[in-house]
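Here is the naming used below: chain letters follow the sequence lines, and residue numbers restart at 1 for every chain.
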Number of protein chains: 2
Amino acid sequence: MSGKRSLIRSGTTVDQMVRAIGDRIVTGFLRPGEKLDETSLAARFDVSRTPVREALGQLSAMGLVERRPNRGAIVAVVTQEHLASMFESMAELEAICARFSAERMTSGERRSLEIEHQASARLVQLRAEEDYEYFNTEFHTRLYRGAHNAHIYEMTVMTRSRLAPFRRAQFMLPGRLAKSWQEHDTIVTAIMRGDGNAAGKAARDHVSIVSEASAVFAVGDQLRAAPQHQ
Amino acid sequence: MSGKRSLIRSGTTVDQMVRAIGDRIVTGFLRPGEKLDETSLAARFDVSRTPVREALGQLSAMGLVERRPNRGAIVAVVTQEHLASMFESMAELEAICARFSAERMTSGERRSLEIEHQASARLVQLRAEEDYEYFNTEFHTRLYRGAHNAHIYEMTVMTRSRLAPFRRAQFMLPGRLAKSWQEHDTIVTAIMRGDGNAAGKAARDHVSIVSEASAVFAVGDQLRAAPQHQ
DNA sequence: AAGGCAAAAAGTGCATGCAATTGCCTGATA
DNA sequence: TATCAGGCAATTGCATGCACTTTTTGCCTT
């Protein structure tokens with residue numbers, strides 16, 4: 001091997017490749033349907049094909065990549081139907097997380113959830129979409145962790161990354177910011193009074209609304225990126 | 001490579017290895033904590049280390065295998081806490097599947113669910129544990145499919161396989177067969193009358209009860225198999 | 001006999017090589 | 001011009017090789 005490994009440190013080379021490629025998929029830098037050529041990726045990251053191959057295999061096991069035997073790998077293309085099923089799952093998973101959070105969060109967790117949520121109100125007024133997006137992610141992650149269930153956490157985070165390529169445009173819609181905050185508020189209130197059912201329902205509705213907004217963009221996007229697939 | 005590939009046909013060598021090793025883990029032939037030596041596995045299946053390595057990577061991405069850098073792979077050892085979280089997740093997932101099934105199953109699906117369920121009553125009377133176990137699996141799979149949601153199906157099946165090594169003893173308990181059938185009956189009845197909430201609740205309770213029975217056995221088992229782990 | 005250290009053995013991680021497969025290009029044929 | 005066969009380049013799939021890390025073994029010290 002010629003030079004030093006560039007960025008994305010820590011772990012084995014394979015892990016670095018999984019993260020590097022996975023990130024590029026999740027952030028939309030690599031779009032659904034795009035071809036993932038082992039040789040080019042290996043050259044791009046200055047490693048041999050072996051770790052790239054292993055990474056592609058793992059990403060395929062995670063559902064982010066699709067592998068066609070002897071025909072290479074592509075960024076996973078999901079049908080509109082499967083996309084819908086993932087959004088629906090996401091709504092159910094968030095509902096579970098919110099319900100458990102209402103029942104199980106420690107007082108510390110409740111307090112910081114509330115504080116951060118209130119703080120984010122400023123971002124709505126300022127229309128700071130970028131920053132709000134960051135807080136939004138934080139907020140949801142708090143719910144996932146608040147459920148105190150490692151496996152549900154895993155599934156939820158995994159589903160969220162698989163959906164990530166399809167929800168980029170989610171806050172571009174006018175008025176979405178304020179609406180999102182209101183919905184968060186309903187969830188927080190329910191959690192604070194320990195009402196699991198209400199929290200679950202509010203979270204489910206919240207995600208459902210977001211998903212409807214995203215789905216339209218998403219599929220158009222993917223088709224434009226890879227019209228010649230299959 | 002010397003001879004022909006033995007059993008487990010179709011797909012690439014890597015896929016075959018994933019299935020072969022995965023099966024052995026799920027069926028309990030390989031126990032939690034057991035060391036998975038690349039060289040021996042390669043020799044055992046008469047392939048080179050490369051496909052075995054890739055398979056272990058994928059199994060690790062699926063959570064069935066645990067990889068420690070430079071220190072080899074072992075069959076995933078789960079803490080009692082994580083095991084509990086998986087059983088709880090399973091209960092929630094089954095609840096979702098049952099709820100959706102009640103709302104979405106086609107009349108054909110409803111009919112065959114009912115028919116098979118009634119047929120299995122005979123197995124209870126005959127105390128045919130082996131056969132009942134087969135029908136039990138079928139029954140639950142019907143619920144997962146009946147939800148008409150591909151992603152929830154994936155998550156549920158995956159979670160079930162990760163739990164499989166820990167529920168082997170589940171029907172050994174006396175009277176468990178009849179109780180299980182009764183619980184199934186409650187679920188079926190709710191589904192037949194389209195009552196999603198009742199079906200969900202019944203399914204959640206059903207799994208919760210099974211999990212309590214399994215958990216005790218399971219952890220003892222795993223510790224006995226690999227007392228020297230870490 | 002117990003503890004510690006060093007050398008050897010074993011095993012993993014990645015690179016490279018080669019056979020096999022695919023897909024493309026070319027050109028012949030209808 | 002459209003179609004299809006054949007061959008070629010590109011790419012994947014697997015085996016092998018080598019360097020490096022971890023683990024074990026055996027010897028020496030105390």
Inset, instruction - Tell me whether the OP1 or OP2 atom of D:dC14 has a side-chain N or O from B:Thr13 closer than 4.0 Å. - result: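 Yes, such a contact exists.
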Rounded to whole Å, please give me the gap between [atom1] in [X] and [atom2] in [N].
X: B:Asp37; N: D:dT21; atom1: CG; atom2: C1'; answer: 15 Å
X: B:Leu56; N: C:dC14; atom1: CG; atom2: C1'; answer: 16 Å
X: B:Gln58; N: D:dG13; atom1: CD; atom2: P; answer: 11 Å
X: B:Phe45; N: D:dC14; atom1: CZ; atom2: P; answer: 15 Å
X: B:Gln16; N: D:dG13; atom1: CD; atom2: P; answer: 13 Å
X: B:Lys35; N: C:dA10; atom1: NZ; atom2: P; answer: 13 Å
X: A:Glu54; N: D:dA15; atom1: CD; atom2: P; answer: 14 Å
X: A:Arg67; N: D:dC14; atom1: CZ; atom2: P; answer: 9 Å

Inset, instruction - Between C:dC14, D:dA15, C:dA15, spot the one nearest the side chain of A:Val14, thanks. - result: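 My answer, after comparing the listed nucleotides, is C:dC14.
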Legend entry - Shortest side-chain distance from A:Arg53, nucleotide among C:dA15, D:dC14, C:dT12: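 Selected nucleotide (nearest to the side chain): D:dC14.
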Inset, instruction - Could you check whether the rings of A:His206 and A:His140 sit parallel, tilted or perpendicular, using 30° and 60° as the cut-offs? - result: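 A:His206 and A:His140: parallel rings.
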Inset, instruction - Check whether any side-chain N or O of A:Ser208 sits under 3.5 Å from a backbone N or O of A:Arg204 as a donor-acceptor pair, and report yes or no. - result: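 Such a contact is found between A:Ser208 side chain and A:Arg204 backbone.
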Going from [atom1] on [X] to [atom2] on [Y], what distance comes out if it is rounded to the nearest 0.5 angstrom?
X: A:Leu93; Y: A:Glu154; atom1: CG; atom2: CD; answer: 12.0 Å
X: A:Met90; Y: A:Thr156; atom1: CE; atom2: OG1; answer: 6.0 Å
X: A:Ser112; Y: A:Glu138; atom1: OG; atom2: CD; answer: 9.5 Å

Looking at [X] and [N], is any side-chain donor or acceptor paired with a base atom of the opposite kind under 3.5 Å?
X: B:Thr12; N: D:dT12; answer: no
X: B:Thr50; N: D:dT16; answer: yes
X: A:Arg49; N: D:dG13; answer: yes

Taking N or O atoms only and anything under 3.5 Å, show me the protein contacts with nucleotides 19-24 of chain C, one pair per line.
residue: C:dG23; atom: OP1; partner: A:Arg71; partner atom: NE; Å: 2.8
residue: C:dG23; atom: OP1; partner: A:Arg71; partner atom: NH2; Å: 3.3

Legend entry - Salt bridge present between B:Arg99 and B:Glu94 (N-O < 4.0 angstrom):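 So B:Arg99 does not pair with B:Glu94 through a salt bridge.
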Legend entry - Flag side-chain contact, heavy atom, 4.5 Å: A:Thr141 against A:Tyr153: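 Side chain of A:Thr141 against side chain of A:Tyr153, heavy atoms only: contact under 4.5 Å found.
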